[in-house]
Amino acid sequence: MNLPTNHKKLIEWVNECAALMTPDAVEWCDGSEAEYQRMAKVALDSGVAIPLKKRPNSLLFRSQPNDVARVENRTYIASKTKDDAGPTNNWIDPVELKTTMKALYKGCMKGRTLYVIPFSMGPIGSDISKIGIELTDSPYVVMNMHIMTRVGTKVLEALGSDGEYIPCLHSVGQPLEEGESDNGLWPCAELDKKYIAHFPEERLIWSFGSGYGGNALLGKKCLALRIASVQARDEGWMAEHMLILKITSPEGVSKYVAAAFPSACGKTNLAMLVPTIPGWKVETVGDDIAWMKFGSDGKLYAINPEAGFFGVAPGTSMDSNPNAMHSVDKDTIFTNVGLTEDGDIWWEGIGYPAPGKLIDWKGNEWEQGKSEGTAAHPNGRFTAKASNCPSIASNWEDPKGVPIDAILFGGRRPSTIPLVHEAESWEHGTFMGSIVGSEITAAALDLKVGSVRRDPMAMLPFCGYNMGDYFHHWINLGQKPGVQLPKVFFVNWFRKMADGRWLWPGFGENSRVLEYIFHRCEGKAKTVDTPIGKIPAKGEISLPKGVSEADMDELLKVDVEGWKKEVADIRANHYPKFGERMPKELWAFLDRLESRLNQA
Ligand code: GTP
Ligand code: SPV
Ligand code: MN
């Protein structure tokens, strides 16, 4: 066979995997449009994909109910020692895990094709970019990787005959018998056979049994966060769960903001925001992941390693996020949303009532107001090209990245945490990031939606090593000589009133907070020092329609009693988990916060 590469190690690895998993055929992906259409046809012929008459070049997929999101309790960091994975990651000895998984991989691709996907995270050839090779038996994965990463022959050319790549092995874990087809059912394995495994010292990813999102599109959470965070630690840079946006003032001055919010807590929406304040402009650089390195000028430069958006569908409307709505006008893969009779998609919060009878994400007839459950799964998603997004920044693919002026942390907190407060220093900002808490969302299958958990820097499910060491890494970076550190803020769009209504309108109105942050980066807006950090002085943030002075006071007040509970929880349940690995600098910030609150 004529192979598109002469990379010996790669060819050997593909051969070894094929011998273990016994696919009917092996195909090397070239990333072409023809290949995408061929995969679409395979998915349509097996009945797993449904064409959408109303959206050019777009398909709908429905997964199995046990395969609708990341599975955190089946995700492993198999470092050599348990201590290196740390208290917040699942660990299995790597030798044992490989034995278990090899038994599962044996013969697992029978009746299917093994696709070899060469992909680049970041622009091909840039020295920040990383090459991965994903082996998969899922045409859905091939199509999604086409949109989410840069796939194809150019990547193999960049790799040459001995370049470095991250091997990413994936199977849906459902071999087919002779003559058997998926017959309209999304293939995957039972929950207790799913494994999303990382071998950080080897820079190796093995995934089995799930076809969904971050479990299966291995460039995203597995490579660009879990493995890349380990590389970043070793090489002195940052791999973070952050959006990147460009904001331009009426005077024409641009700044760049990166923001870490936990899964389904508003990154895509903030990255594509349409400001409600006149004269301001926001453009999108990335919506989920940022790789950041200090430049020779001392500034922190960020790139978005992805090429598309795997966005939460429910709640996305022309009102809340018109840029996302236009991104999915065509060339889009929809997963687990409702289907209309005339061949379009529909989901809860799309901004108009369901047009007649639908088919819900489980494949059943569904009528609004009559049927049980929702038409779309709460973690139903769209996969759309960044290049189809009207707000994409012209320099979003600049290989040197964009200079970050401010970093935001946030989460879903109905009480206590104010709309915005600011760190006094990088170390104080690191402290703020380390104590992020958020209500759990539907982005993980196995967790209880709604309860608050600590999710430091929004990286809890995505840090490939001990988070105590990760906190040290943040502190160490801030001590590099000559660096110009971004300002750090903590935001919360999710405050609720006693009756459950939002206290803050969010979405486009968040531009008022971005304007304030922009002014802070210019040393302009006035602040008040409080026990928790700097709060905007009265009048520095303009009031959106429907938000009264009294609401704003509530949004910006320091809830001393609430914060005391916060400190007590961190002291008892969060920091002690990391034992000796917890930086003493962060304990000192916690002590200082407590004594300041006691004096307030
Ligand atoms: P992941 O892709 O899982 O990382 O999610 P994300 O952080 O990109 O979250 P996304 O922007 O997709 O938002 C998730 C949900 O939160 C959607 O249903 C949004 O409608 C909702 N949301 C986003 N921003 C706001 C906001 O400012 N206020 C309110 N109330 N809801 C918001
Ligand atoms: C997240 O859960 O943070 C996501 C979705 O962005 S997934 O790609 O499935 O991880
Ligand atoms: Mn995410």
Side-chain angles (χ1 to χ4, degrees), residues 63 67-72 75 141 144-145 148-149 196 207 210-226 240-243 245 259-274 276 284 286-290 306 308-317 319-321 323-325 327 335-336 347-351 374 376-384 408 410-414 419 438-445 447 449 455 458-462 491-496 500-514 544:
S63 76
D67 205 31
V68 293
R70 288 183 295 101
V71 276
E72 294 192 5
T75 300
V141 167
N144 275 270
M145 289 296 282
M148 295 304 295
T149 74
I196 321 299
S207 165
S210 168
Y212 204 89
N215 300 335
L217 315 177
L218 302 185
K220 196 175 179 57
K221 298 301 157 77
C222 299
L223 192 161
L225 287 177
R226 298 196 190 94
E240 301 296 334
H241 191 201
M242 291 181 184
L243 68 91
L245 66 81
F261 309 153
S263 301
C265 290
K267 286 182 300 303
T268 301
N269 278 273
L270 191 68
M272 297 181 188
L273 165 149
V274 179
T276 50
T284 313
D287 84 321
D288 199 50
I289 299 175
E306 302 190 277
F309 311 118
F310 185 61
V312 177
T316 309
S317 71
D319 248 0
S320 66
N321 192 346
N323 286 314
M325 289 306 281
S327 305
T335 312
N336 289 347
W347 52 70
E348 283 68 24
I350 199 169
T374 53
H377 184 277
N379 193 44
R381 299 241 170 192
F382 54 79
T383 319
L408 276 48
R412 272 177 197 266
R413 294 299 300 269
L419 180 63
S438 186
E439 286 184 331
I440 290 169
T441 66
L445 176 66
L447 302 171
V449 174
D455 187 349
M459 281 289 279
L460 182 75
F462 308 119
V491 298
N492 178 19
W493 317 140
F494 296 94
R495 284 289 292 275
K496 281 188 175 163
R501 275 181 303 146
W502 300 114
L503 190 52
W504 178 253
F507 301 103
E509 298 292 14
N510 294 334
S511 57
R512 295 173 199 275
V513 178
L514 290 180

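Atoms within each ligand, like the ligands themselves, are counted from 1 in listed order. FYI, the numbering just counts along the sequence from 1. Everything numeric here is computed off the predicted structure, so don't read it as measured data.
Between the side chains of D455 and S438, not a single donor N or O lies within less than 3.5 Å of an accepting N or O.
Short contacts between ligand 1 and G266, defined as distances under 4.0 Å to a heavy atom of the residue, involve ligand atoms 6 (P), 7 (O), 9 (O), 10 (P), 11 (O), 13 (O), 23 (C), 24 (N). Residue D288 approaches ligand 1 through these ligand atoms, each under 4.0 Å from one of its heavy atoms: 4 (O). Taking a cut-off of under 4.0 Å to the non-hydrogen atoms of S263, the atoms of ligand 1 that pass are 3 (O), 4 (O), 5 (O). Within ligand 1, counting atoms from 1 as listed, the ones closer than 4.0 Å to a heavy atom of H241 are 4 (O). Near R412, the atoms of ligand 1 lying under 4.0 angstrom from a non-hydrogen atom of the residue are 15 (C), 16 (O), 21 (C). Remark: ligand 1 atoms within the under-4.0 Å shell around heavy atoms of R381 are 1 (P), 2 (O), 3 (O). Atoms of ligand 1 found under 4.0 Å from any heavy atom of P262, numbered from 1 in the order shown, are 7 (O).
Shown here for R381 and F310, the closest heavy-atom pair between the two residues is NH1-O, 2.9 Å. When all heavy atoms of V68 and Y212 are compared, the closest pair comes out as O-CE2, 3.2 Å. Considering all non-hydrogen atoms of both residues, M459 and L225 come closest at SD-CD2, 4.1 Å. Contact between A458 and A260 at its shortest, heavy atoms only, is CB-C, 4.0 Å. Of all heavy-atom pairs between V312 and P378, the closest is CG1-O, 3.9 Å. When every heavy atom of A271 is checked against every heavy atom of L243, the shortest pair comes out as CB-CB, 4.1 Å.
Ranking protein heavy atoms by distance to atom 30 (N) of ligand 1, first place goes to W502 CE2, 3.3 Å. Among protein heavy atoms, atom 4 (O) of ligand 1 sits closest to K267 NZ, 2.8 Å. Looking only at protein heavy atoms, the nearest one to atom 26 (C) of ligand 1 is F507 N, 3.7 Å. Looking from atom 5 (O) of ligand 1 to the surrounding protein, the closest heavy atom is A264 N, 2.8 Å. For atom 18 (O) of ligand 1, the nearest protein heavy atom (residue, atom name, distance) is P314 O, 3.0 Å.
Panel note: side chain N379, backbone A444; no donor-acceptor pair is recorded below 3.5 Å. In terms of modelled atom types and a separation under 3.5 Å, the side chain of W347 and the main chain of A376 share no donor-acceptor contact. Side-chain atoms of S210 never come within 3.5 Å of backbone atoms of D67 as a donor-acceptor pair (strictly under, hydrogens ignored).
Side-chain contact between L408 and M242: absent, with no pair of heavy atoms (C-beta onward) separated by less than 4.5 Å. Using a 4.5 Å heavy-atom cutoff, the side chains of N510 and L273 are in contact.
The distance criterion of under 3.5 Å between nitrogen or oxygen atoms is not met by G506 with respect to ligand 1. In terms of polar-atom proximity, N269 is counted as a contact of ligand 1, with an N or O under 3.5 Å from an N or O of the ligand. Close N/O approach between F261 and ligand 1 is not found [any backbone or side-chain N/O within under 3.5 Å]. The shortest N/O to N/O separation between N510 and ligand 1 falls below 3.5 Å. The shortest N or O to N or O distance between W493 and ligand 1 is not below 3.5 Å. The shortest N/O to N/O separation between A443 and ligand 1 does not fall below 3.5 Å. Residue-to-ligand polar distances keep K221 apart from ligand 1: every N/O pair is separated by 3.5 Å or more.
For the Mn ion (ligand 3), the neighbouring protein N/O/S atoms at less than 2.8 Å, given as residue and atom, are K221 NZ, H241 NE2, D288 OD1.
Assignment of C265 to the shell around ligand 1 is supported, since a heavy atom sits closer than 4.0 Å. Within the 4.0 Å heavy-atom shell around ligand 1 one does not find G311.
Within the cation-pi definition used here (under 6.0 Å to the ring centroid, within 45° of the axis), K221 qualifies as a partner of F462.
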Q | Audit row: E439, F494, side-chain contact (heavy atoms from CB on, under 4.5 Å) steps and yes/no | A | CA-CA 10 Å; E439 286 184 331; F494 296 94; over 6 Å; no
Q. Could you go step by step and tell me if L217 and M145 meet the side-chain contact (heavy atoms from CB on, under 4.5 Å) rule?
A. CA-CA 6 Å; L217 315 177; M145 289 296 282; 4.1 Å; yes
**Q.** Trace of the side-chain contact (heavy atoms from CB on, under 4.5 Å) decision for H241 with D288
**A.** CA-CA 6 Å; H241 191 201; D288 199 50; 3.1 Å; yes
Q | Stepwise side-chain hydrogen bond (donor to acceptor under 3.5 Å, both in side chains) check, T316 with N321 | A | CA-CA 6 Å; T316 309; N321 192 346; 5.7 Å; no
Q) Which is it for R70 and S263 under the side-chain hydrogen bond (donor to acceptor under 3.5 Å, both in side chains) test, yes or no, and what are the steps along the way? A) CA-CA 10 Å; R70 288 183 295 101; S263 301; 3.0 Å; yes
Q) After noting the C-alpha distance and the side-chain angles of K496 and W502, does the key distance pass the side-chain contact (heavy atoms from CB on, under 4.5 Å) rule? A) CA-CA 4 Å; K496 281 188 175 163; W502 300 114; 3.5 Å; yes
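Just one of I440, N492, T441 meets the side-chain contact (heavy atoms from CB on, under 4.5 Å) condition when paired with R412; it is T441.
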For ligand 2, run through the N/O pairs with the protein that fall under 3.5 Å and put one pair on each line.
unit_1: ligand 2; atom_1: 2 (O); unit_2: R70; atom_2: NE; d: 2.8
unit_1: ligand 2; atom_1: 2 (O); unit_2: R70; atom_2: NH2; d: 3.2
unit_1: ligand 2; atom_1: 2 (O); unit_2: S263; atom_2: OG; d: 3.0
unit_1: ligand 2; atom_1: 3 (O); unit_2: K221; atom_2: NZ; d: 2.5
unit_1: ligand 2; atom_1: 3 (O); unit_2: H241; atom_2: NE2; d: 3.4
unit_1: ligand 2; atom_1: 3 (O); unit_2: S263; atom_2: OG; d: 2.5
unit_1: ligand 2; atom_1: 6 (O); unit_2: K221; atom_2: NZ; d: 2.7
unit_1: ligand 2; atom_1: 8 (O); unit_2: G214; atom_2: N; d: 3.3
unit_1: ligand 2; atom_1: 9 (O); unit_2: G214; atom_2: N; d: 2.9
unit_1: ligand 2; atom_1: 10 (O); unit_2: R70; atom_2: NE; d: 3.2
unit_1: ligand 2; atom_1: 10 (O); unit_2: K221; atom_2: NZ; d: 3.4

